[in-house]
There are 2 protein chains.
Amino acid sequence: MARGSTRPTSRDVAEAAGVSQAAVSLVLGDKWRGRVSQPTADRVREAARQLGYRPNLAARNLRLGRTRTVLLVVPVLTTEFFAGVYTGAARIAAEHGFGVVLYPSPEGIGPARDPFASAQAALDGVIASSMAADALTAIRGDQLPLVMLDSDPEGSLGAATVNLDITDGIRQVTEHLLALGHRHFLHLAADVPSWTFDIRARELATRTATVPGTTVRTARAPITIEDARTATETALGAPGPRPTALVCDDDKLAAGAYKAIRRLGLRIPDDISVTGLDDLALATAIDPELTTVKLDAELFGERGMQALLAVLDGRTPQEGDIPVQLVVRGSTAPPSAS
Amino acid sequence: MARGSTRPTSRDVAEAAGVSQAAVSLVLGDKWRGRVSQPTADRVREAARQLGYRPNLAARNLRLGRTRTVLLVVPVLTTEFFAGVYTGAARIAAEHGFGVVLYPSPEGIGPARDPFASAQAALDGVIASSMAADALTAIRGDQLPLVMLDSDPEGSLGAATVNLDITDGIRQVTEHLLALGHRHFLHLAADVPSWTFDIRARELATRTATVPGTTVRTARAPITIEDARTATETALGAPGPRPTALVCDDDKLAAGAYKAIRRLGLRIPDDISVTGLDDLALATAIDPELTTVKLDAELFGERGMQALLAVLDGRTPQEGDIPVQLVVRGSTAPPSAS
DNA sequence: AGGAGGCCGTTATACGTAAAACTACATGCG
DNA sequence: CGCATGTAGTTTTACGTATAACGGCCTCCT
């Protein structure tokens with residue numbers, strides 16, 4: 001409890017155990033077999049325990065030239081989705097003795113600051129979501145090994161990418177709605193500049209184009225429930241035939257759409273079918289439960305981390321998108337005969 | 001682009017600019033006024049830019065003996081609430097040149113690992129939520145400056161605490177329901193061992209005890225929508241008079257309760273009133289919108305960080321709980337005459 | 001007997017940075 | 001002139017760790 005006393009160093013431990021600092025390092029680093037006797041090793045460990053010694057990570061990192069720490073750059077942290085990504089990445093990291101530090105891209109933290117200023121930890125590499133676009137320039141400037149999540153493989157010069165098969169997800173959604181008989185779609189698009197959202201619109205367009213007589217309108221909103229509500233309300237209030245199916249870029253947008261639809265006095269799925277994308281807890285909290293596409297966020301995180309470890313190792317990361325799965329619930333049904 | 005070439009150091013910059021390493025440190029550290037001439041300073045900065053120099057943080061941290069990095073230990077990262085806490089803490093931290101590193105307490109990352117093993121960053125201090133209970137022993141072992149969020153001020157020997165005024169929140173909820181005429185309560189309690197949940201039950205009990213003829217039953221569930229649903233369903237199916245008001249420990253539990261109530265064929269708020277606590281996005285996504293207590297997560301994070309900065313500075317942190325605010329929405333109404 | 005090798009350590013060094021201590025020269029002032 | 005003050009740097013050192021290089025002593029084999 002001695003106030004002002006500094007943390008014990010390996011030299012303090014050495015003194016207490018009556019050995020040299022090198023011996024302490026060997027013992028605690030588990031490299032002592034054949035170099036230090038059993039009794040001495042025990043004495044060192046006991047002294048370290050008594051003093052409450054913890055190695056100075058800054059010194060270790062400096063000495064070793066690596067930190068076994070990796071940065072995960074994600075957009076706003078407000079969704080379970082990125083929590084899952086983190087969990088998966090951290091699990092794999094832990095298995096390899098790595099740590100993961102989060103940089104939630106700034107939202108009110110100030111003008112698009114460089115992530116390295118905030119996450120001051122010394123880093124071995126970076127995993128970045130393509131949604132955290134503002135941080136990318138800073139990252140690119142650095143020569144740290146980089147893995148991009150959900151990013152255009154063409155556009156991310158050199159950096160390894162790991163992608164969810166969102167295109168297939170939207171295809172499954174579209175097939176499902178077409179099979180139910182829907183022909184008139186409204187696409188509630190996320191107003192976020194990111195490749196992963198661009199391909200949603202693209203796939204919906206190309207898939208419906210193969211069926212004659214289909215129409216697709218588009219509304220656009222930031223990913224908040226309130227914005228989604230107002231956007232949907234104005235879109236559905238527009239003149240012309242009302243769409244019978246509403247395809248949302250993610251579950252949160254769908255939740256907003258639910259509110260708009262209720263306000264307009266319409267029923268789901270009788271008057272209009274709604275689909276989401278993510279399968280958050282939200283999807284089963286709302287009534288009726290949402291037909292959506294399940295994304296395996298943890299697997300996404302795991303694959304991202306594995307890719308980064310591969311890059312750090314000089315190996316080639318595993319290829320192939322991560323499969324996704326349509327989950328049909330109560331928010332979709334055939335269009336009412338009219 | 002030279003592959004395998006190592007990152008440039010301040011010595012490389014010095015050589016390129018034709019000065020000593022010390023001069024580089026002075027210039028880039030902004031301590032050069034009166035020590036280095038303007039032209040030389042410019043030359044150094046230009047050389048640093050050209051080489052893409054970034055200081056080695058491990059070395060800087062070692063030299064300075066501090067890292068300007070702080071660890072935020074939170075429970076599962078799946079709620080917006082802790083995202084808000086992070087945002088607030090990071091804002092204040094950035095204003096003081098600090099960084100914040102997150103340690104989401106393990107949930108499938110392995111058996112209650114020591115947070116410092118995962119967040120390998122060298123740290124100046126720690127802010128920990130009392131909900132991340134498993135990590136606390138490891139933290140206590142360390143002698144890092146510590147601030148506890150929502151923790152029993154008596155139990156946290158020495159560590160500074162910053163608390164939301166949850167007691168007042170539950171009091172506001174209870175007053176509201178009593179004023180509406182409710183007398184028979186069901187308390188859906190979070191099955192999490194944490195002081196912040198203990199005081200919810202305590203306050204509900206003491207407040208209702210002042211009004212004759214009130215009853216309080218308790219159901220208990222982990223904080224997931226599914227668990228909350230089953231717990232509520234069995235509790236409401238139990239014999240005896242049905243409660244007319246359901247007080248939930250947080251919004252997520254309330255969302256589960258909604259589903260149970262719908263399954264039982266009851267209506268909110270006609271047959272039963274429901275309240276939450278947090279005011280997440282979820283609260284306005286469900287129908288009817290949830291009467292709940294708004295917690296200012298960002299302010300919570302800000303105050304936590306300010307307290308830690310005070311501790312690091314040898315000052316005494318600001319006293320006083322953070323006020324909370326009841327938000328009345330559509331899920332509460334007078335009990336139906338029966 | 002003598003040296004080869006195993007055992008049990010120690011001494012010395014480097015990692016990259018910040019900053020204290022020092023040097024060298026010019027200018028101003030009594 | 002002699003000394004203080006100011007300018008513009010350089011030299012040197014320390015932070016705490018991991019490990020390469022070194023060295024004594026004992027045993028055992030030929």
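Just so it is clear: chains get the letters A, B, ... in the order the sequence lines come, proteins before strands, and each one is counted from 1. When reading the values below, keep in mind they use all heavy atoms of this one structure, side chains included, and skip hydrogens, waters and symmetry mates.
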How far does CG of B:Leu149 sit from CZ of B:Arg303, to the nearest 0.5 angstrom?
-> 11.0 Å
Among the nucleotides C:dT17, D:dT10, C:dG9, which one has an atom lying closest to any side-chain atom of B:Leu26?
-> D:dT10
OP1 or OP2 of C:dG9 less than 4.0 angstrom from a side-chain nitrogen or oxygen of A:Ser37, does that happen here?
-> yes
Contacts of B:Arg43 and A:Tyr53 projected onto DNA chain D by closest heavy atom; the upstream (5') one is B:Arg43
Tell me: CG of B:Asn56 to P of C:dC15, nearest whole Å?
-> 12 Å
Are B:Glu46 and B:Arg49 ion-paired here, with the side-chain N under 4.0 Å from a carboxylate O?
-> yes
Would you kindly give the CD-to-P distance between A:Gln38 and C:dG9, to the nearest whole Å?
-> 11 Å
From CG of B:Asn61 across to C1' of D:dG16 the rounded distance in Å is 13 Å
5'-most contact on DNA chain D: B:Leu62 or B:Val36, nearest heavy atom basis?
-> B:Val36
Take the protein atom CG of B:Leu64 and the nucleotide atom P of C:dG16, then report the distance between them rounded to whole Å.
-> 16 Å
Identified side-chain contact (heavy atoms from CB on, under 4.5 Å) counterpart of B:Pro317 within the set B:Val311, B:Val147, B:Thr161, B:Leu308 | B:Val311
Looking for any heavy atom pair under 4.0 Å, which part of the strands does B:Arg35 touch: base, sugar-phosphate only, or nothing?
-> base
Would you please confirm or rule out a distance under 4.0 Å between OP1 or OP2 of C:dT11 and any side-chain N or O of A:Ser20?
-> no
So what does B:Thr9 hit on the nucleic acid, given a heavy-atom distance under 4.0 Å: a base, only sugar-phosphate, or nothing?
-> sugar-phosphate
What integer distance in Å separates A:Glu15:CD from D:dT17:P?
-> 14 Å
Rounded to the nearest angstrom, tell me the gap between atom CZ in B:Arg60 and atom C1' in D:dA14.
-> 17 Å
When we call it a touch if two heavy atoms are under 4.0 Å apart, what does A:Gly34 touch: a base, just sugar-phosphate, or nothing?
-> base
Closest non-hydrogen atoms of B:Ala58 and A:Asn61, given as atom of the first, atom of the second and distance, are CB-CB, 3.6 Å
Send over the distance from A:Leu57 CG to C:dG16 C1', rounded to a whole Å.
-> 17 Å
Okay, side chain of A:Asp150, backbone of A:Trp195: is any donor-acceptor separation there less than 3.5 Å?
-> no
Per atom distances to the B:Ala23 side chain, the nearest of C:dG9, D:dT10, D:dT17 is D:dT10
Residue-phosphate contact under 4.0 Å: A:Ser10 side-chain N/O, D:dG16 OP1/OP2 = no
Counterpart residues, side chain to side chain donor-acceptor pair (under 3.5 Å), relative to A:Gln306 (two or more places apart) = none
Rounded off to whole Å, could you give me the CD-to-P distance for the A:Gln21 and D:dG16 pair?
-> 11 Å
From C:dT17, D:dT19, D:dT10, nucleotide with atom closest to B:Ala22 side chain = D:dT10
Out of C:dT17, C:dT10, D:dT17, which nucleotide sits closest to the side chain of A:Val19?
-> C:dT10
Is there a side-chain polar atom (N or O) of A:Ser25 under 4.0 Å from OP1 or OP2 of D:dG16?
-> no
